[in-house]
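Reading through the structure tokens given below for one structure.
Positions are given from 1, in the same order as the sequence printed here.
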Amino acid sequence: MDKLKKVLSGQEDANSDGTGIIERANQASSLAWKTRMKGFGVCFVLGVLCSVLGSCLLWLPRVGLVVFAVLYSVGNISALCSTMFLMGPLRQLKSMCAKERAIATAMMMVCLALTLCAAFWWKNNGLALLFCVLQFLAFTWYGLSYIPFARDGVLKLCSMCV
């Protein structure tokens, strides 16, 4: 924290050791493990609550699907951000863009954006629901990438069912 104070007050050159501003912010804002766990828990529970609340409000007349799409998307964003408390933001972003997760991350973000576009701009309930389902599948596939051989197991299970 002292290092951050020195940089912000101008007492130390921001690039004196050659690291970038994101790395310096990540180092300066390190949290204790207990605080990280609390942040993870709060963000994850909020994400799950938003998703469940959106599912409950799906059946409202006229606005239910839009409310569901928004709350489900916000819930996914919150759940995704919760892991940043465990790993740190920079490490999480690097992990999301790693070779084995890059496609899943891109699909997840595209589906999330398309869900919100279908709900607000295109006002197409069918597309919003389709993109919510695709968002769920992309988020699941992304999550499976963190478990060794989980994707291979799911692919093998699906091929056996077909």
When you compare the side chain of [Y] with that of [X], does any pair of heavy atoms fall below 4.5 Å?
| X | Y | answer |
| --- | --- | --- |
| Asp152 | Phe149 | yes |
| Thr35 | Phe85 | no |
| Leu116 | Phe131 | no |
| Val66 | Lys123 | no |
| Leu112 | Phe139 | no |

I'd like a table of donor-acceptor pairs (distance under 3.5 Å, sequence neighbours excluded) in which one partner is a side-chain atom from residues 153-162, with atom names and distances.
from   : atom 1 : to     : atom 2 : distance (Å)
Ser159 : OG     : Leu155 : O      : 3.4
Ser159 : OG     : Lys156 : O      : 2.8

Response to the item:
dist Arg151:CZ -> Tyr146:OH (nearest 0.5 Å) comes out at 10.0 Å
Item to complete: Calculate, to the nearest 0.5 Å, the distance between atoms OG and CZ belonging to Ser82 and Phe40 respectively.
Response: 4.5 Å
Worksheet item: With the 4.5 Å side-chain cut-off for hydrophobic clustering, are Leu71 and Leu127 part of the same group?
Response: no
Worksheet entry | Joint hydrophobic cluster, Val74 plus Val67, side-chain heavy atoms closer than 4.5 Å | no
Discussion item. Side chain to side chain contact (heavy atoms under 4.5 Å, CB included) for Asn76 and Phe136? Distances and angles first, verdict last.
Written reply: CA-CA 9 Å; Asn76 275 345; Phe136 170 77; 6.0 Å; no
Worksheet item: Can you name the closest pair of heavy atoms from Ala69 and Cys132 and give their distance?
Response: CA-SG, 3.8 Å
Result block: side-chain N/O donor-acceptor pairs under 3.5 angstrom for residues 41-63, not counting sequence neighbours:
from  : atom 1 : to    : atom 2 : distance (Å)
Ser51 : OG     : Gly47 : O      : 3.2
Ser55 : OG     : Ser51 : O      : 3.0

Return the set of residues passing side-chain contact (heavy atoms from CB on, under 4.5 Å) with [X] (not counting sequence neighbours), or none when no residue passes.
| X | value |
| --- | --- |
| Trp33 | Arg36, Met37, Leu86 |
| Leu129 | Leu65, Phe68 |
| Ala150 | Leu144, Ile147 |

Practice prompt. Let me see the working for Leu80 and Tyr142 under side chain to side chain contact (heavy atoms under 4.5 Å, CB included), right down to the final yes or no.
Written response: CA-CA 10 Å; Leu80 184 64; Tyr142 169 80; 3.6 Å; yes
For a quick test of your reading: what N or O donor-acceptor pairs under 3.5 Å do the side chains of residues 96-111 make, sequence neighbours left out?
from   : atom 1 : to     : atom 2 : distance (Å)
Arg101 : NE     : Ser145 : OG     : 2.9
Arg101 : NH1    : Ser95  : O      : 3.3
Arg101 : NH1    : Ser95  : OG     : 3.2
Arg101 : NH2    : Ser145 : O      : 3.4
Thr105 : OG1    : Met96  : O      : 2.8
Thr105 : OG1    : Arg101 : O      : 2.9

